[in-house]
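Report on the structure given below.
Numbers restart at 1 for each chain; the letters A, B, ... are given by sequence-line order, proteins then strands.
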Number of protein chains: 2
Amino acid sequence: MNTDRTEGDEPGVSTTRKTFRLLEALRDEDGISITELTRRTGLTKSTVYRHLKTLTDLGYVIERDDRYYIGYRFLEISEQARSRKTGYTVAKRKVFELGQETDERAVFIAEEDDEAVYLHRYGSLSETMIGKRRPLHSLAAGKAILAAWDDERVADFVDRNGLESITDRTITDPEALAAELETIRERGYAVNNQEHMDGLRGVAVPVYTPEDELLGALSVFGPTSRLKDEYVHEKLPSLLQDKAGEIKVTLAYR
Amino acid sequence: MNTDRTEGDEPGVSTTRKTFRLLEALRDEDGISITELTRRTGLTKSTVYRHLKTLTDLGYVIERDDRYYIGYRFLEISEQARSRKTGYTVAKRKVFELGQETDERAVFIAEEDDEAVYLHRYGSLSETMIGKRRPLHSLAAGKAILAAWDDERVADFVDRNGLESITDRTITDPEALAAELETIRERGYAVNNQEHMDGLRGVAVPVYTPEDELLGALSVFGPTSRLKDEYVHEKLPSLLQDKAGEIKVTLAYR
DNA sequence: ATTAATGTTCCGGGTAGCGGAACGGAATCC
DNA sequence: GGATTCCGTTCCGCTACCCGGAACATTAAT
């Protein structure tokens, strides 16, 4: 999948790579000491020390009694990306409304680098999912996005990434995907039946700006026990389409 | 305020500083070319080029027809900080409920590095405010946090940062602040009357975990025209205290 | 008191980050 | 259509500065 390069000759600024290696270790551990970081990252203690001091000095990392944490300053950066388009902030509210009205999980997803990224989410209070990345072809929202692309772009996508199997229901055949996308285009919504996780069904619709630029997709999902056929194919699609329409209208008249 | 160091001898890893100088320029501009970045940052073109290639290779920066953007990958980092404590995610929902029930702006704020940081927000769809930093003493939520500290910690805070005047109503006298904090402690909520912005009033309460650890503060604010005395001192405080209580309870029984 | 583990500081060596300049391509202008 | 301008990209020599190892400081445990 990725062009294997002989170990140790990664291009560009290696110091920056070290910085992010550290930041990712901080992200995964949440509250970690210097020596522990040296173990995780394989860097020298003095290197870790110097980098952390720089990052805390910049305010991006917080130190509290010899443990280091990701600082809130990253919010300033990430939030800019998440509100790059006004549609995204409108979508945030719609996701919340969807969650409250259906009492299921609701998300807004955008595509980046051929992957589905969770931008907004309503659901269980513990895991946030925001920022997490998933294969486009395994999610209802991802398929809604793919269906909004033209065939050539989809073909390129498949060439680059393949169609990895996540569960035994995941669509892994390019032709089956093409057919699926065609029905999505026809009926205006996408359905996911345990293709990403056993026991989970979902429905999604694409979201467009008034200028018909694709923003992403709104989706509601939940356990198969609650998401029966009638609910999935009647109520949810129209509800989602309403919300997508409201986003469009809000953008037009703001 | 900050110890002035003779130009050019900033400690630590200078390459990392360059990286963040670039990222902050990307954040402020949203879609910017290489040459434009050299102007903004004062770095050489080749340096900018090499750094950007590294960052896009890492996936943290996105390039689309010769313009560079902050990538969603930063969400993975920042969201970890924002959900470090479960209380924060619970607060997110409470902020939304507050916004819907009052039809005013609602926020959840935490303290970091002696500053108030917006972690969650309900309000106008354009500006997000999330991640933005403000002086603690100029916000209702900030004062609620300060009131939760003991006198010594507050004194240290004042020593380090002073009490900058934001509007002509901002509390700038340490003794006046001490008195204000005392009344906040007594009545259990903080009020901000145009101390941060003319025409804006706010109310806030502290938020605690079941173990009585301070998480941050919930706040509702809006124009003075709508936030009359009775509303500010009767309805809002009890509403906010209810929500703060609900957070505590949710954490206790999850 | 001793040991161990961790954060901090120092310093010499060599890597790799830097900057300047040159190249190639695309758009603009006359 | 040739000239000009403005970019992004590449190359290369220099040296700044990043790195790693080791020594030192500090704390906690036994």
Short N/O separations, protein against nucleotides 25-28 of chain D, under 3.5 angstrom:
none

Between A:Tyr88 and A:Phe108, how do the two ring planes meet: parallel, tilted or perpendicular, split at 30° and 60°?
tilted
Would you say D:dC18 has OP1 or OP2 under 4.0 Å from some side-chain N or O of A:Arg50?
no
Begin from the C-alpha positions of A:Thr16 and B:Thr54 and carry the test side-chain hydrogen bond (donor to acceptor under 3.5 Å, both in side chains) through to its verdict.
CA-CA 8 Å; A:Thr16 302; B:Thr54 314; 5.6 Å; no
Between A:Thr44 and D:dC19, is there a side-chain N or O to OP1/OP2 distance below 4.0 Å?
no
Starting from the C-alpha separation in whole Å, work towards a yes-or-no answer on side-chain contact (heavy atoms from CB on, under 4.5 Å) for B:Arg84 and A:Ile70.
CA-CA 9 Å; B:Arg84 182 176 305 145; A:Ile70 297 290; 4.3 Å; yes
Salt bridge A:Glu127-A:Lys132, side-chain N to carboxylate O under 4.0 Å
no
Between CZ of B:Arg17 and C1' of D:dC18 the distance, given in whole Å, is 14 Å
Can you check whether A:Ile130's main-chain N or O pairs, donor with acceptor, with A:Thr128's side chain at less than 3.5 Å?
yes
Measure the acute angle between the ring planes of B:Phe157 and B:Trp149, then classify it against the limits of 30° and 60° as parallel, tilted or perpendicular.
perpendicular
Checking side-chain contact (heavy atoms from CB on, under 4.5 Å) for the pair B:Val107/B:Met129: CA distance, chi angles, key distance, verdict?
CA-CA 10 Å; B:Val107 294; B:Met129 301 216 73; 5.9 Å; no
Per-nucleotide protein contact string for nucleotides 7-17 of chain D (B base, S sugar-phosphate only, - none; heavy atom under 4.0 Å):
SBBB-------
Mind checking what makes salt bridge (Lys or Arg N to Asp or Glu O under 4.0 Å) contact with B:Glu164, not counting sequence neighbours?
none
side-chain N/O B:His51 vs C:dG17 OP1/OP2, d < 4.0 Å:
no
